[in-house]
Amino acid sequence: MSNDCETNGCFSLRGGDERSTTSVLGPGAFSLLSRDPSAPGAIAAADAVRSTAEDAKAFLWRALAPLPPPGRDWKGLGLDTALLLGYEIVVSVPIYLTGDGADKGQPKGLGEIWWDNVRHPQWDSDAWWVNYVAHPYVGGAYYIRARERGFGAVGSFVYAAFLSTMFEYGVEAFFEPPSYQDLIVTPVAGALVGALIFEPLRNHIKAKPERVWYDKALLMLTDPLGAANGMFAWLFGVTPNFELQLRPLSSVPDGSARRLMPSSRASAAPPPSRGMGLELTVRY
């Protein structure tokens with residue numbers, strides 16, 4: 001074998017004293033036909049074999065090890081929240097227009113009804129299955145959506161509580177006062193349902209090498225918000241980009257204030273702030 005092969009290592013294609021060799025792996029390759037195990041080339045070859053075996057073992061362990069949890073997807077969770085708010089509005093408007101709320105003779109306006117309801121939360125008298133079956137299921141779905149976006153157990157519980165509060169003091173408050181049961185049961189029982197039932201079931205299904213139709217149905221039932229958002233993107237062929245930001249509310253100075261200051265300073269000075277506002281931007 002040539003000095004170059006002893007240095008870099010070669011893969012031998014033919015035995016004998018006059019062997020033709022071809023280097024196919026470059027540095028670190030090894031000869032399969034070395035006769036003298038004490039030769040320097042044979043020692044290097046044995047080291048290369050051990051190194052290759054260790055690399056293969058390490059690669060196998062990396063392939064079999066569970067993937068690290070993804071980072072928190074704040075943008076994706078914001079998109080989920082905005083779409084959920086849109087679903088609630090789309091469903092609630094027809095109910096309001098066809099119900100008693102659309103009665104033109106009612107003494108209070110829509111804003112007055114909402115303001116009166118949010119100031120007077122109460123214990124509701126809904127059926128037991130609504131308060132203690134339906135609401136824990138919805139809370140579990142909220143919990144799973146946050147988990148799918150990379151949030152931990154505590155963050156997912158906080159998200160479920162946020163969505164429950166948003167619904168009780170948002171859309172539903174146009175129809176009835178917020179419910180104490182719903183504010184407590186939805187996030188608390190929902191987090192338990194999500195962590196102890198939904199999440200283990202989903203992990204079991206995801207670990208299967210092949211999934212049948214009922215596996216996919218269970219994944220959808222345990223994450224209905226994710227399924228609805230995927231259906232939205234599929235139906236319209238777009239993935240909207242939602243941005244929810246807090247911005248200061250500004251007021252334009254009146255004419256007298258404008259006359260008291262030079263025009264250059266008036267144009268350069270920012271208008272005074274009147275508080276903070278919530279701005280929703282939708283891009284298609």
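Rounding to the nearest 0.5 Å gives a distance of 12.5 Å between CG of Leu221 and CD1 of Ile144. Of the inter-residue distances, the one linking Phe174 atom CZ with Asn117 atom CG reads 9.5 Å to the nearest 0.5 angstrom. Interatomic distance, CZ of Arg145 versus CG of Leu225, reported as 6.0 Å (0.5 Å rounding). We find the CD-CH2 distance between Glu172 and Trp114 to be 13.5 Å, quoted to the nearest 0.5 Å. Residue Gln181 holds its CD atom at 9.0 Å from CD of Gln122, rounded to the nearest 0.5 Å.
A donor-acceptor pair is defined here as one N or O able to donate and one able to accept, closer than 3.5 Å; such a pair exists between the side chain of Arg202 and the backbone of Leu219. Side chain of Arg147 to main chain of Phe151: a donor-acceptor pair is present (N/O by atom type, distance under 3.5 Å, no hydrogens or angles). Side-chain atoms of Trp74 never come within 3.5 Å of backbone atoms of Arg149 as a donor-acceptor pair (strictly under, hydrogens ignored). Asp124 places no side-chain N or O within donor-acceptor distance of the main-chain N or O of Ser179, the cut-off being under 3.5 Å.
Listed here is the closest heavy atom pair of Ala146 and Ser156: CB-OG, 3.5 Å. Residues Pro200 and Gly194 share a closest heavy-atom pair of CD-O, 4.3 Å.
Val188 places a side-chain heavy atom less than 4.5 Å from the side chain of Phe157. The closest side-chain heavy-atom distance from Ile205 to Lys216 is not below 4.5 Å. Side-chain contact between Val118 and Pro177: absent, with no pair of heavy atoms (C-beta onward) separated by less than 4.5 Å. In this structure, the side chains of Asp80 and Tyr159 come closer than 4.5 Å at one or more pairs of heavy atoms. Taking the side chain as every heavy atom from C-beta outward, Phe198 and Asp223 never approach each other to under 4.5 Å.
A search for side-chain hydrogen bond (donor to acceptor under 3.5 Å, both in side chains) contacts involving Ser92 returns nothing, not counting sequence neighbours. With sequence neighbours left out, the ring-ring contact (aromatic ring centres under 6.0 Å, His included) criterion links Tyr180 to Trp123. For Ser164, there are no side-chain hydrogen bond (donor to acceptor under 3.5 Å, both in side chains) partners, not counting sequence neighbours. A search for salt bridge (charged side-chain N to carboxylate O under 4.0 Å, His left out) contacts involving Asp215 returns Lys208, not counting sequence neighbours. Among residues two or more places apart in sequence or in another chain, the salt bridge (charged side-chain N to carboxylate O under 4.0 Å, His left out) test is passed with Glu168 by none.
Linking ILVMFWY residues whenever their side-chain heavy atoms come closer than 4.5 Å, directly or via other members, places Trp115 and Tyr169 in the same cluster. In terms of hydrophobic clustering, with Ile, Leu, Val, Met, Phe, Trp and Tyr side chains grouped at heavy-atom distances under 4.5 Å, Leu218 and Ile197 are assigned to different clusters. In the hydrophobic clustering of this structure, Met166 does not group with Val158; members are Ile, Leu, Val, Met, Phe, Trp, Tyr whose side-chain heavy atoms approach within less than 4.5 Å, directly or through other members. Taking hydrophobic clusters as Ile, Leu, Val, Met, Phe, Trp and Tyr residues chained together by side-chain heavy-atom distances below 4.5 Å, Val130 shares a cluster with Val133. One hydrophobic cluster, built from ILVMFWY side chains closer than 4.5 Å, holds both Val93 and Phe175.
Under a 4.0 Å N-O distance rule, the pair Arg72/Glu148 does not qualify as a salt bridge.
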Next item on the list: Could you give me the CA-CA distance, side-chain angles and deciding distance for Phe162 and Thr81, then say whether side chain to side chain contact (heavy atoms under 4.5 Å, CB included) is met?
Entry: CA-CA 10 Å; Phe162 167 73; Thr81 306; 4.0 Å; yes
Which pairs of donor and acceptor atoms, one on a side chain in residues 82-90, lie under 3.5 Å apart (sequence neighbours left out)?
from	atom 1	to	atom 2	distance (Å)
Tyr87	OH	Asn229	OD1	2.8

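Neither side chain, Tyr142 nor Thr186, offers a donor N or O lying under 3.5 Å from an acceptor on the other.
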